[in-house]
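Just follow the structure's listing: the first ligand is 1, and inside any ligand the first atom is 1. Just so it is clear, the structure is predicted and the values come from calculations on it, not from any experiment.
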Amino acid sequence: METSEWHIERRSSFGSESPLAREAGNVPETGSLSIVVLGASGDLAKKKTFPALFHLYLQGFLPPDEVHIFGYARTKISDDELRNRLRGYLVPKKGASPQQLEDVEKFLQLIKYVSGSYDSEDGFRLLDKEISEHEYLKNSVEGLSRRLFYLALPPSVYPSVCKMIKTCCMNKSDLGGWTRVVVEKPFGKDLESAEELSTEIGKLFEEPQIYRIDHYLGKELVQNLLVLRFANRFFLPLWNRDNIDNVQIVFREDFGTDGRGGYFDQYGIIRDIIQNHLLQVLCLVAMEKPVSLRPEHIRDEKVKVLESVLPINDDEVVLGQYEGYKDDPTVPDESNTPTFATVVLRIHNERWEGVPFILKAGKALNSRKAEIRVQFKDVPGDIFKCKKQGRNECVIRLQPSEAIYMKLTVKQPGLEMSTVQSELDLSYGQRYQGVTIPEAYERLILDTIRGDQQHFVRRDELKVRSLHAW
Ligand SMILES: NC(=O)C1=CN([C@@H]2O[C@H](COP(=O)(O)OP(=O)(O)OC[C@H]3O[C@@H](n4cnc5c(N)ncnc54)[C@H](OP(=O)(O)O)[C@@H]3O)[C@@H](O)[C@H]2O)C=CC1
Ligand SMILES: O=C1O[C@H](COP(=O)(O)O)[C@@H](O)[C@H](O)[C@H]1O
């Protein structure tokens, strides 16, 4: 998160009062809100979860008279020690103004830390007591009580943590409210473990209470895919096997395991990136138009795409491991876990038969980029002999520097009749100057508070994804 670029703004156009939010069935709520970050001592919590909460706070989405934030983990630290750990991730790196420093301090004062284990009731009873005290104070005005539990934890502890939440920490207000649980990826390792995890959590919570987060669904240009495809007449007739030659969905990172080798080695690049982030993107690129913007309608269409994906051919998979991967002391010396993979997926339906979807992901490469490249077929009966210059392409760059550009052939300006490839370029940095694009986690946490599951993974979606035996 670029902390040097924050600005305070109430985003009424993104708010739950907007027509799109109404269409998606969101109803604004008020009343006490307790946000509990479990695994508060960890990497994700400090780098993503707390900074996202801070940005929501700055924009007025977490009013201090309603909201309290609780960190929970086993590490024995005080409230102030947790605040000290987080401060460096909230204060702008390039120097902060007195106002910015004051904002950080006010936000940090909303955070309380509770230490306890993940599988015994003592810690969770204590947590519940702290939350209830907060609710008691806030409910003197409102009455509604909302509890959001964010599991920034390894999946191995999800079942016991969910059991503890269910036993000790559910919303108790008889005046209304809710309890919701956000779970991070990876949701298991294969079909069996994913189903086991889903079954265990499903016994404790109803599907509308469970938010399976895939942060790629919160990225600006991933959220733009539906608009781009279904609100533009240009694309409607072209987006199919008659016109598109292939689709490439690419993720590259210019750093390696970066201290997370222990986790990464158990999962590999396919489970870490392709099976979740890139498949979500594929679904949005390939799905049919949903009946409406209601989360269930969108997720129904995504599931249909996944159900139409054919088993992968072994000869359409390339795996690799970067040099130096095993130098990480948390990676076993004999590890053959892939850090790079290319996989070709084929969708067996009327729209996409014969069009390869090439998914590529790699860590420790020479640059950081995530993009979708839709390559069109050659123009039939080409009178300009311009084939050598390259095909039409629509590129959607998710990061860095969000952009959508179309590669087209035009006449080379001048006296001669020759052709050249050029671009229609919508670079967000230029077109939307001064607009801060929200971080994915920021947007998704706001969705969980609003009860909007559109950008979260549904249980059956997870099952079909896992079926592909990655
Ligand atoms: N870090 C990232 O960039 C991303 C992470 N994720 C997902 O988010 C979740 C959390 O990730 P991350 O923060 O990196 O993980 P960490 O390894 O930092 O773990 C988070 C916290 O969980 C506790 N913990 C760690 N290992 C165990 C264990 N074996 N048993 C019980 N508790 C444990 C520790 O807290 P304590 O000991 O104090 O209790 C730790 O501070 C994971 O599911 C991960 O896949 C998803 C996207 C990106
Ligand atoms: O989920 C994960 O994503 C990050 C990449 O996220 P991005 O938003 O920076 O593209 C990746 O580094 C990590 O390995 C993976 O677990």
Side-chain angles (χ1 to χ4, degrees), residues 1-2 37-52 71-77 81-82 85-86 89 113-120 123-124 127 150-161 164 182-189 197 212-222 249-281 322 325 328 330 337-341 361-365 367-371 397-400 402 437-444 457:
M1 178 175 289
E2 203 49 72
V37 181
L38 298 127
S41 55
D43 188 70
L44 182 77
K46 69 181 180 208
K47 285 190 192 151
K48 300 283 187 184
T49 321
F50 282 107
Y72 184 95
R74 297 172 304 184
T75 304
K76 296 206 180 325
I77 47 171
E81 280 168 316
L82 177 66
R85 285 182 182 204
L86 299 177
Y89 292 89
Y113 182 73
V114 178
S115 166
S117 75
Y118 300 119
D119 55 3
S120 74
F124 283 87
L127 178 63
Y150 193 112
L151 274 57
L153 286 165
S156 53
V157 293
Y158 292 172
S160 68
V161 168
M164 290 299 127
V182 183
V183 289
E184 267 290 348
K185 52 140 275 237
F187 314 114
K189 262 192 130 166
L197 198 56
R212 297 180 195 87
I213 202 165
D214 180 318
H215 76 279
Y216 266 58
L217 289 175
K219 291 195 185 275
E220 181 67 34
L221 285 203
V222 174
I249 305 174
V250 179
F251 166 95
R252 36 171 66 237
E253 228 168 32
D254 55 1
F255 55 90
T257 48
D258 204 19
R260 295 173 68 222
Y263 151 78
F264 187 87
D265 197 68
Q266 286 179 42
Y267 289 91
I269 196 75
I270 295 178
R271 292 187 181 94
D272 190 46
I273 301 290
I274 296 187
Q275 188 268 351
N276 34 66
H277 302 329
L278 300 198
L279 267 196
Q280 286 294 342
V281 173
Y322 67 81
Y325 171 67
D328 179 332
T330 58
T337 299
T339 64
F340 173 88
K363 279 189 171 280
L365 298 175
S367 61
R368 174 174 177 261
K369 195 179 270 187
E371 65 180 16
R397 191 164 63 225
L398 312 181
Q399 65 192 30
E402 291 86 346
I437 295 182
E439 236 279 24
Y441 277 98
E442 190 181 322
R443 212 189 287 262
L444 294 175
V457 182

List the residues meeting side chain to side chain contact (heavy atoms under 4.5 Å, CB included) with Gln266, not counting sequence neighbours, and say none if there are none. Lys189

Tested for side-chain contact (heavy atoms from CB on, under 4.5 Å) against Leu44, the lone hit among His215, Arg260, Glu184 is Glu184

Measure from atom 4 (C) of ligand 1 to every heavy atom in Arg74, His277, Glu184, Arg260 and give the option owning the shortest one. Arg260

re atom 3 (O) of ligand 2, the protein heavy-atom contact at minimum distance is His215 CE1, 3.4 Å

Starting from atom 10 (O) of ligand 2, what is the nearest protein heavy atom, named by residue and atom, and what distance separates them? Tyr216 OH, 2.5 Å

Nearest-contact summary for atom 5 (C) of ligand 2 - protein heavy atom, Å: Glu253 OE2, 3.4 Å

Identity and separation of the nearest protein heavy atom to atom 18 (O) of ligand 1: Asp43 N, 3.0 Å

Looking only at protein heavy atoms, which one is nearest to atom 13 (C) of ligand 2, and how far off is it? Arg260 NH1, 3.3 Å

For atom 38 (O) of ligand 1, which protein heavy atom lies nearest, and how many Å away is it? Thr75 OG1, 2.4 Å

With no hydrogens and no angle check, is any side-chain donor or acceptor of Ser160 less than 3.5 Å from a backbone partner on Val157? yes

Cationic N near anionic O, under 4.0 Å, Arg443 to Glu220: yes

Residue Tyr158 vicinity, atoms of ligand 1 by number, heavy atom under 4.0 Å: 43 (O)

Closest non-hydrogen atom pair, Gly71 against Leu82: CA-CD2, 4.4 Å

Is a side-chain donor or acceptor of Tyr113 paired with a backbone partner of Ala73 at a separation under 3.5 angstrom? yes

Check each heavy atom of Arg368 against ligand 2 and say whether those closer than 4.0 Å belong to the side chain, the backbone, both or neither. side chain

Ionic contact status for Lys219 with Glu439, cut-off 4.0 Å: no

Check whether any protein heavy atom sits under 4.0 Å from atom 15 (O) of ligand 1. no

Residue Lys219 vicinity, atoms of ligand 2 by number, heavy atom under 4.0 Å: 7 (P), 8 (O), 10 (O)

Is Ser156 in polar range of ligand 1, meaning some N or O pair under 3.5 Å apart? no

Are Lys47 and Tyr89 packed together at the side-chain level, in the sense that at least one heavy-atom pair is separated by less than 4.5 angstrom? yes

Is there any N or O on Leu44 that sits under 3.5 Å from an N or O of ligand 1? yes

Using the test side chain to side chain contact (heavy atoms under 4.5 Å, CB included), find all partners of Asp265 that sit at least two apart in sequence or belong to another chain. Tyr325, Val331, Pro332, Ser335, Thr337

Any donor-acceptor pair under 3.5 Å linking the side-chain atoms of Tyr216 with those of Asn276? no

Proximal atoms of ligand 1 relative to Tyr118 (non-hydrogen, under 4.0 Å): 23 (C), 31 (C), 32 (N), 35 (O), 36 (P), 39 (O)

Which ligand 1 atoms are under 4.0 Å away from a heavy-atom of Pro155? 43 (O)

Does Ser115 use its side chain to pair, donor to acceptor, with the backbone of Arg74 at less than 3.5 Å? yes

If the contact criterion is a heavy-atom separation under 4.0 Å, does Tyr267 count as touching ligand 1? no

Could you walk me through whether Phe124 and Tyr72 satisfy the ring pair (Phe, Tyr, Trp, His ring centres under 6.0 Å) test, starting with their C-alpha distance in whole Å, then the side-chain angles of each, then the deciding distance to 0.1 Å, before giving a yes or no? CA-CA 9 Å; Phe124 283 87; Tyr72 184 95; 4.7 Å; yes

Taking Arg212 for the side chain and Val457 for the main chain, is one N or O donor matched with an acceptor at less than 3.5 Å? yes

Taking atom 20 (C) of ligand 1 as the reference point, the nearest protein heavy atom with its distance: Ala152 O, 3.5 Å

Protein contact to atom 28 (C) of ligand 1 [nearest heavy atom, distance to 0.1 Å]: Pro154 CG, 4.0 Å

Using side-chain heavy atoms (C-beta onward) and a distance below 4.5 Å, is Ile213 in contact with Val183? no

Identify the closest protein heavy atom to atom 44 (C) of ligand 1: which residue and atom is it, and at what distance? Lys185 O, 3.6 Å

Considering only the protein, which heavy-atom contact is closest to atom 42 (C) of ligand 1, and what is its distance? Leu153 O, 3.3 Å

Location of contacts on Val157 toward ligand 1, heavy atoms closer than 4.0 Å: side chain

Can you pull out the closest protein heavy atom to atom 34 (C) of ligand 1? Residue, atom name and distance to 0.1 Å, please. Ser41 OG, 3.9 Å

Quick one: does Tyr322's side chain get under 4.5 Å of Leu365's, heavy atoms only? no

Below 4.0 angstrom from a heavy atom of His277, which ligand 2 atoms are there? Numbered from 1 as shown, please. 1 (O), 2 (C), 3 (O)

Looking at Lys363 and Asp254, is there a salt bridge between them, counting it only when a charged N and a carboxylate O are closer than 4.0 Å? no

Residue portion contacting ligand 2 (non-hydrogen atoms closer than 4.0 Å) for Phe264: neither

Enumerated ligand 1 atoms positioned under 4.0 Å from heavy atoms of Pro186: 45 (O)

Any idea which protein heavy atom is nearest atom 47 (C) of ligand 1, and the distance to it? Tyr441 OH, 3.6 Å

Atoms of ligand 2 under 4.0 Å from any heavy atom of Asp272, numbered from 1 in the order shown, are 13 (C), 14 (O), 15 (C), 16 (O)

Can a non-hydrogen atom of Phe187 be found less than 4.0 Å from any atom of ligand 1? no

